[in-house]
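Here's the structure we're looking at; comments come further down.
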Amino acid sequence: MLTLPLQNVGLMQTSDPSAPRRSSTLPHIAVVVSERRSGDLTGVFMSIDAQVYEPITVFVVSPERPKANVVIPEARWAASVSDVVAAVRSEAEFLWILDPDADPRPDALSALVETASRADASVVGSKLLNPARPEELVSVGGATDVFGFPYSGLEEGEVDQEQYDVIRDVAYVEPASMLVRRDLAAGLGGLDAKLPYLSAGLDFCQRARLAGGRVVVAPTSEVKHGSAPEGSRALTWREQAGRIRSMLKAYSVLTLVWALPSLAVIGLVLGVYRTFSGAPLALVDWLRAWIWNVAHLPSTIAGRRRARATRAAGDQELFRYQVRGSVELRAVASAVGALLQGDTDDGETAELLDAAPGFWQQPAFLAALFGTVFVAAFTRVIWSVAMPATGFALPLGESAWNTLRAFAGGWHFGGLGSPQPMHPSIGASAAVQLLFGGRSGLAASVITIVSVVAGAVGMTRFVRRLGLGLAARYLSGPVFVAGIPMVAIVGAGYWPALLAAGGLPWVLAMIVQPIPVERRPRIGRLARATLAMAWTTMMIPVLIVVPLGFSMAWSLATRSIRPLVRAVSVTLLALPMLFPWLLAETPASLLSSGVPFHFDPAWWALAPVVLASVTVVLAGRGAPARIAVIGSLLASVGLLASRASDLGAGRDLTAAGSVMASLGMALVVAGAFDVLGPLDSVGTVRRSIARLGIAGAVGVVLLALSTVPSGRAMLPADDFSSLVFADSRAGTHGSDRLLLVGPSDRMPGEYRRLDDGTAYRLVGGFPTLPQAWLPDSRPGDDALAATLEGLASGTELRPGQELAAFGVRWVVFTGETTLTEVMTSQLDLRPLPQLVYQVFESEVESYRAVTDAGVAWSWVGPDYTGTALSGSVRIAENADPRWGPGGVQTDWANQVSTVEGVAHFVGVPMFRRLAQLAGLIAVVMLGLGLWGRPARTRGRV
Amino acid sequence: MRRLAPFFVAGFMTLAALSLSTPPDLDPDPGVPTTLAEEVQLVSRFFHCPWALANDHNDSSYVFMTGVETQFSMTYLENGSSDEGQSGAALRGSAVSIDNTRVLGASAAIVEFADGPAAAAVVTIGDDGLAGDVCSSNLPAVWHVAGGSTREGETLTLRLFNPFADDARVNLSAVSELGTEANDSFQSVSVPARSTRTFSLEVELPGREALSVFVEHIEGSVIPVMVQSTGSDLAMWPGTRHSQVWEFPLVTEAGLETELVLTNYSPIEVTFSIEVFDESATVLIGETGTISGPGQTRVALADVAAETYGLRITADGPFGAVVVGRGDRSVVATVGSPTVSDVWLVPGPNAESRAGYRMWFLNTGVDPVTVTYRKANATGSGDVATIEVAAGAVASVVVTDVATTGIEASGTGPFSAAWSAEFDGRRMFSGAVPIGE
């Protein structure tokens, strides 16, 4: 690096025959104390006074003249560093810029001078130590990234053991103690007064280097200053703004063209990340930093011009002392990588934190990056538009609290209602929706995306716990979440299967992972696994047997009873979450109720996984082969269950089979990707066979990735969004019921059938998840069926009148049926044009609840509300004596007194208690899970 | 070896799983029938009355009959809107006559009964003529509206009544003595919901001796009716579905020249045979012939037999049939009955006290039938009488009685029924509604 002669920086000659010198050989020093805020300067003056190298004069730079100081009464005041330079002229060769909070050792200045002379440096910085603990390093100068974020390489609380005691060229030094050549200071105009502390030092050093100056750190010059690590100090909005201004002043246009937009995007991403990790104003700070720069753009441009005037080097000079990429992103990536690696991998995490520049080359970072891209693309329709409304993928209820009230022993929302308990997935999703302030759309989208992420990440963890390598871990995730069995079942619209996948691998990971010795993390892990288990089984109850089955196999394989004990514990703790729904089920209904799925893969889709399985088991060795065997077992059991419709299997069993099959395939793939590891000493043939397995595994991964383009996480396209007309055309009392008739694959959730097989179902307003499942038929449902049979005969020309008793205002045909023709020749259902489906609107008043006086009451699930009057209201719900107040049965419906202005179902006390118990257990488990989380993650919440 | 055993178990289970057959459809949906089955008028509760005329010169009455005690209501449907007409209770076996209060010319209405069996009819009388017929309740895919004429000085109006809540679209195809008539305005005719669309056929197709129209549904349903005006009389007759058998208890009366118009909508030629039954139970084999399709065949009935007789027309394919007749001052038309029944509701006789009425019964069976007919009124009671109808014979009886507005006829065997009216030289023919087996 060249040290340019003074005339190149446009400075005055150093020698002035008329100027007095303290020494003919030692340079004269003028001390400049930059008073950034009004405060006591006594301390710094005492330090200056104690210096063994005596400065010739002391200036205080501040906007206002300070009071006279008794320590150094002759201290002079200047408005800026430029004024100081002008004042000292050639009297002083160097300026010692000192922060008012600095406490330099008596030999600090002499060390600076000596270093400057020896290194021929233009800017020399001191080693900064913690005033409270002087053995701790605060700064020894350092590098930055291209965006100016400081990177010193120091660890928090690092002790000074002279490990940095060498004169080094650095990108910047902190301006707490900085020796600067006077002529350089004159050319550069001193520190930028608009910049905060760190940015001011960075800015000055950058301009100095661009002017041809050399910036070094003098480790023998020790100054006590500051306390917090520079990383955290650099996060304030002022420092962010300062770095942007420094970039604008220093960089060429060519560099700014890509660097500024990159910084904006990175800042936004980091702002979002920090917002959710303990800094709620991070995004605000990001915005403030940019707005500040816009507001100060004129002065920035002026400073840029001045810097250009003294510029003697290009941007390459700045790049020489910069780390690659973004220091901030690296720190975030290391945190994410720590999450991926697990909470007992301190060693690996430390490696990540210690990674050299180029952290994005680390597998965890790459995995996180690709995983983010995968999830973003896989779910892009969901987060950019909305969740599709199809099959069982339906919006959550309008009110999470009301859904939970109904779930806890209240009135079933499906069809014409029932006291029968709701499916547990309804309670689970409503509980999560409550956390989102009841926002149905946001909660459903987040649940879906988080389940995808959790499923993939959980699989990664699980495979890691099984002892397999990086490729096996990271590639098994997409295979599990998007494997062909999952495509089949989620593609049929069974949303709970996708959600169940989010929890299952975490449970299995816990089963294979040794329990921590300490009680707190042990309880925490058990609690978190219980929550994962509960979530999974509430989505697909039959999956409750999977961890038990797996743990038995794992216990046999490892010859340890502990995995089984862990599985039993988690299962028993999670089992209450299935109540009260489980009370209404029998083993037969659990296994055989509902229209089954049938996983029927094409041979070419199954071939890769079969190839991988066979080759890995035959040619593999050790853990990969073992895992492949377990995966094959799981996949085969799952395949059998998913195709057992002919044997009487119902929806839940076949759905669970698909999830299991996907899990098994993911394990086979994981084993295949790791198969070569233990085969170092085997023959070529065996290795070749193993490579075939890898090829098969790659095929499986590619099949999984082929699901990405749809962007709907394998869910079918939207079927029911067009039914939003029911809300827009609703009366002031709210939406009435829709009767949907059509092909069974275009029904929301479950459906019933007429004698001729025509599928139909009732929904109240827009179909929602709480309505997806239908309770067992009760008299009202039978009456509706009889009415529809009558309509289908074609002899009834007023179907609207007939359906009014059920609160049906709209009849929607999702396809051609025997009833479609009937509707073209009837008198009181008016067709609504320009809708996706053929929709008929009744011209007859069709209220779900209507008083004697013909006034409609509103459905505010699970109650009906209206004006409190004397009289009664007819509630078009299946008759039940627990409707009140004063409920009596009228035909198949209920007649309730209107005195209280509300009609409500008093509920089933036992169901309510069981649901409350389940909720309590969930809350306790959540609390224990947070309380018992690993030490490193505590404090971040 | 240790891991091969479970792997083989996995392989076995996989094979077992793959061997499980894929069901053709786990939860099959039913096929959708292409046409709705046509309902026989047995227990129908809805009747479409596409035409009634009430103005300064003409009066109309709606006549309802029920086989059970029930409620009825009328709704007038015009220009897309519906107006509630009269409603009330009807006793079992009663016949209720309600004057048409919409004195606005031609109007259309539907009549609904809470329960069946029931029947409805319209009778119009006035300066323009005497006309009427039963209101229909079924909705075939293709209507046959046959037997009109657009001779000079006459008007022929085709009314397409859509009482339903949805718009309808139909194709019209007309045949005459000139063959198939082409007319662009007959294609894809839309009939808005709750309204009637009319075609003045004397303008569209003038000078036709015999003009028949087929109305084919494309979307929705309409009920067609033809109204013929000769200047001295009116005739109104509804469209019919097709059938392979038609019975006409009433074919002609003194002073009328009648002809039978047979229509065939399909492209396949239909061969028909006409049996003639007179009062003496002599079965006379009438003409045989063919009806080319799509087209019509006219049979002059004066050539078949004289005086009183009934007809049964059978064919080897479905066809439509109408009897039309003209006298000095009258024009008549009636559609036949595609079925026989033990019990008939005959709304209309004596609804208009100024006219004279006659019932007609046809027994095409091999056994004689004793028909008991009860004159019905609003209270449900009325005189009862019987008439013997020999096997293979037609019989008629005068039923003029100011106290009645309908007839309930039941027999010891299946038969068909119709009625006629005469007022000031004008005549009308009308059918009846079978409610028995």
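Values reported hereafter were calculated over all heavy atoms of this structure, with side chains retained and with hydrogens, waters and symmetry mates removed. A quick note: this is a predicted structure, and the numbers were derived from the prediction, not measured. By convention in this document, chain letters (A, B, ...) are assigned in the order of the sequence lines, proteins followed by strands, and residues within each chain are numbered from 1.
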Which residues, numbered in order, of residues 630-640 of chain A come under 4.5 angstrom of chain B by heavy-atom distance? A:Ser632, A:Leu633, A:Ser636, A:Val637, A:Leu639, A:Leu640

Derivation and outcome, side chain to side chain donor-acceptor pair (under 3.5 Å), residues A:Asp719 and A:Thr814: CA-CA 9 Å; A:Asp719 275 334; A:Thr814 59; over 6 Å; no

Hey, are the side chains of [X] and [Y] touching, using non-hydrogen atoms and a 4.5 Å cut-off?
| X | Y | result |
| --- | --- | --- |
| B:Leu77 | B:Phe164 | no |
| B:Val122 | B:Cys135 | yes |
| A:Tyr837 | A:Phe813 | no |

Aromatic plane relationship, B:Tyr265 with B:His144 - under 30° parallel, 30 to 60° tilted, over 60° perpendicular: perpendicular

Sort and list the pairs that fulfil side-chain hydrogen bond (donor to acceptor under 3.5 Å, both in side chains) and have at least one residue in residues 62-74 of chain B, not counting sequence neighbours. none

Measure distances from [X] to the heavy atoms of chain A and classify the residue's part below 4.5 Å as side chain, backbone, both or neither.
| X | answer |
| --- | --- |
| B:Ser82 | neither |
| B:Ala193 | neither |
| B:Leu15 | neither |

For B:Arg197, the salt bridge (charged side-chain N to carboxylate O under 4.0 Å, His left out) test, sequence neighbours excluded, returns none

Residues which pass salt bridge (charged side-chain N to carboxylate O under 4.0 Å, His left out) with B:Glu219, listed by chain and number, not counting sequence neighbours: B:Arg169

Partner chain B: residue of A:Leu754, A:Leu797, A:Leu829 with the largest heavy-atom pair count (under 4.5 Å): A:Leu797

So, B:Arg45 side chain and B:Glu112 main chain: donor-acceptor pair closer than 3.5 Å or not? no

Do A:Asp652 side-chain atoms and A:Ala656 backbone N/O form a donor-acceptor pair below 3.5 Å? no

Between [X] and chain B, with a heavy-atom cut-off of 4.5 Å, which part of the residue counts as in contact: side chain, backbone, both or neither?
| X | answer |
| --- | --- |
| A:Phe840 | side chain |
| A:Asp828 | backbone |
| A:Ser642 | neither |
| A:Glu843 | side chain |

